[in-house]
Protein chains: 2
Amino acid sequence: MQPLSAGQVEDVAEVFRLLGEPNRLRIVLACLDGAHEVGEIVERLGLSQSLTSHHLRLLRTARILRAERRGRHVAYALDDDHVRDVVANMVAHLTEAHDHHGHSHPPHDGDLDQSEGAER
Amino acid sequence: MQPLSAGQVEDVAEVFRLLGEPNRLRIVLACLDGAHEVGEIVERLGLSQSLTSHHLRLLRTARILRAERRGRHVAYALDDDHVRDVVANMVAHLTEAHDHHGHSHPPHDGDLDQSEGAER
DNA sequence: TCTACATATGAACATGTGCTCATGTGTTGG
DNA sequence: CCAACACATGAGCACATGTTCATATGTAGA
């Protein structure tokens with residue numbers, strides 16, 4: 001993999017950043033199995049309509065989701081399969097077989113952080 | 001893919017969030033091809049030593065990177081191959097063949113946003 | 001057209017986050 | 001032990017971001 005240009009790095013980072021917000025990620029996850037209307041998403045995730053719409057706008061502008069009118073409703077779906085792969089990949093990795101530590105990670109921190117756990 | 005628990009969603013989001021900052025992403029990208037000492041990273045990315053260390057701490061705590069002492073230096077590498085796959089995946093997708101729009105995306109915004117481009 | 005519905009948008013606020021500056025901690029060499 | 005090097009950490013600040021409240025836009029039905 002050749003080194004990316006500054007612009008490319010920022011583009012990649014932006015997609016990651018948008019997926020890095022729990023509510024936004026839930027919205028994207030909800031859209032993995034096809035298009036869903038806004039009302040559906042609102043009800044299913046328990047978010048306010050306004051907040052959901054704001055997040056949808058960000059995801060739409062970033063070309064992560066795509067909007068389609070259906071009567072007076074609007075349905076959102078993944079704009080491309082890029083994100084589906086990335087998200088599925090991440091989820092698969094994070095959920096599969098590294099249960100040797102609970103979901104709340106213990107201190108770990110490798111060989112460093114020797115100062116932790118004992119006040120000096 | 002079964003629905004994830006709230007905690008799992010937040011864990012996934014946290015990894016995305018950490019990768020969603022350009023400098024942090026650059027650090028991770030620099031570590032894709034093996035371990036690198038902090039000084040190397042600092043020089044290579046042109047970031048301040050302090051900032052680099054702060055970012056490294058976050059990446060280490062999140063188990064994205066792993067630290068290893070080498071004399072008085074410290075080398076960082078990917079803690080697992082999860083992230084390598086995800087990042088490589090994303091980079092591959094984002095860099096390959098969808099050049100029909102430049103790196104700075106034009107308005108797009110699908111069928112909506114009809115209010116844009118004309119003051120009312 | 002008027003009303004109700006479904007979604008989008010703007011303003012404002014609290015909180016989070018990246019960055020720098022200064023300083024602390026740990027390690028090697030003299 | 002002491003100085004120099006390599007890295008880590010804490011405080012503080014400017015700025016970004018998530019959320020809510022209020023309101024606008026657009027659509028379908030009577």
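Every chain is numbered from 1, with letters handed out A, B, ... down the list of sequences.
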Residues, nucleotides or ligands: over 12 heavy atoms within 6.0 Å of A:Glu40 CD: yes

N/O (side chain, A:Arg60) to phosphate O (OP1/OP2, C:dT9) under 4.0 Å: yes

By side chain to side chain contact (heavy atoms under 4.5 Å, CB included) - contacts of A:Ala88 (at least two apart): none

Presence of donor-acceptor pair under 3.5 Å, side chain of B:Ser50 and base of C:dC21: yes

Heavy-atom closest contact (B:Val74 atom, B:Ala67 atom, distance): CG1-CB, 4.0 Å

Below 4.0 Å: OP1/OP2 of C:dC19 and any side-chain N or O of B:Asn23: yes

Side chain to side chain, B:His55 and B:Leu51, heavy atoms closer than 4.5 Å: yes

Closest heavy-atom pair and its distance - B:Arg70, B:Glu37: CD-OE2, 4.3 Å

Distance, rounded to the nearest Å, where B:Leu65 contributes CG and D:dC7 contributes P: 14 Å

Whole-Å distance separating the CG atom of B:Leu58 from the P atom of D:dA8: 12 Å

Between D:dA8 (P) and B:His55 (NE2): distance, integer Å: 13 Å

Sugar-phosphate only, base, or nothing, as touched by B:Ser48 at under 4.0 Å among non-hydrogen atoms: sugar-phosphate

Residues A:Asp33 and A:His36: side-chain donor-acceptor under 3.5 angstrom: yes

C:dA8 OP1/OP2 closer than 4.0 Å to side-chain N/O of A:Tyr76: yes

Nearest-angstrom distance from the residue atom CG of A:Leu59 to C1' of D:dG18: 13 Å

Residues B:Glu10 and A:Arg26 bridged, charged N to O under 4.0 Å: yes

Sorted by number, the residues of residues 28-42 of chain B with heavy-atom contact under 4.0 Å to DNA chain C: none

Touch class at under 4.0 angstrom, heavy-atom based, for B:His54 against every strand present: base

Nearest-angstrom distance from the residue atom CG of A:Leu51 to C1' of D:dC21: 13 Å

Separation of D:dT17 C1' from A:Leu18 CG (nearest whole Å): 11 Å

Presence of donor-acceptor pair under 3.5 Å, side chain of B:Gln49 and base of D:dA8: yes

Contact check, side chains of B:Arg57 and B:Arg60, non-hydrogen atoms, under 4.5 Å: yes

Test item: B:Arg84 side-chain N/O and B:Leu32 main-chain N/O as donor-acceptor pair under 3.5 Å: yes

Distance in angstrom units between A:Leu45 CG and C:dT7 P, rounded: 13 Å

Upstream residue (5' side of DNA chain D) when B:His73 and A:Leu47 are each assigned their closest nucleotide: B:His73

Closest contact, heavy atoms only, B:Leu18 versus B:Ala62: CD1-CB, 3.2 Å

Protein-nucleotides 27-30 of chain C N/O pairs under 3.5 Å:
none

Gap between atoms CD and C1', on A:Glu21 and C:dT15 respectively (whole Å): 13 Å

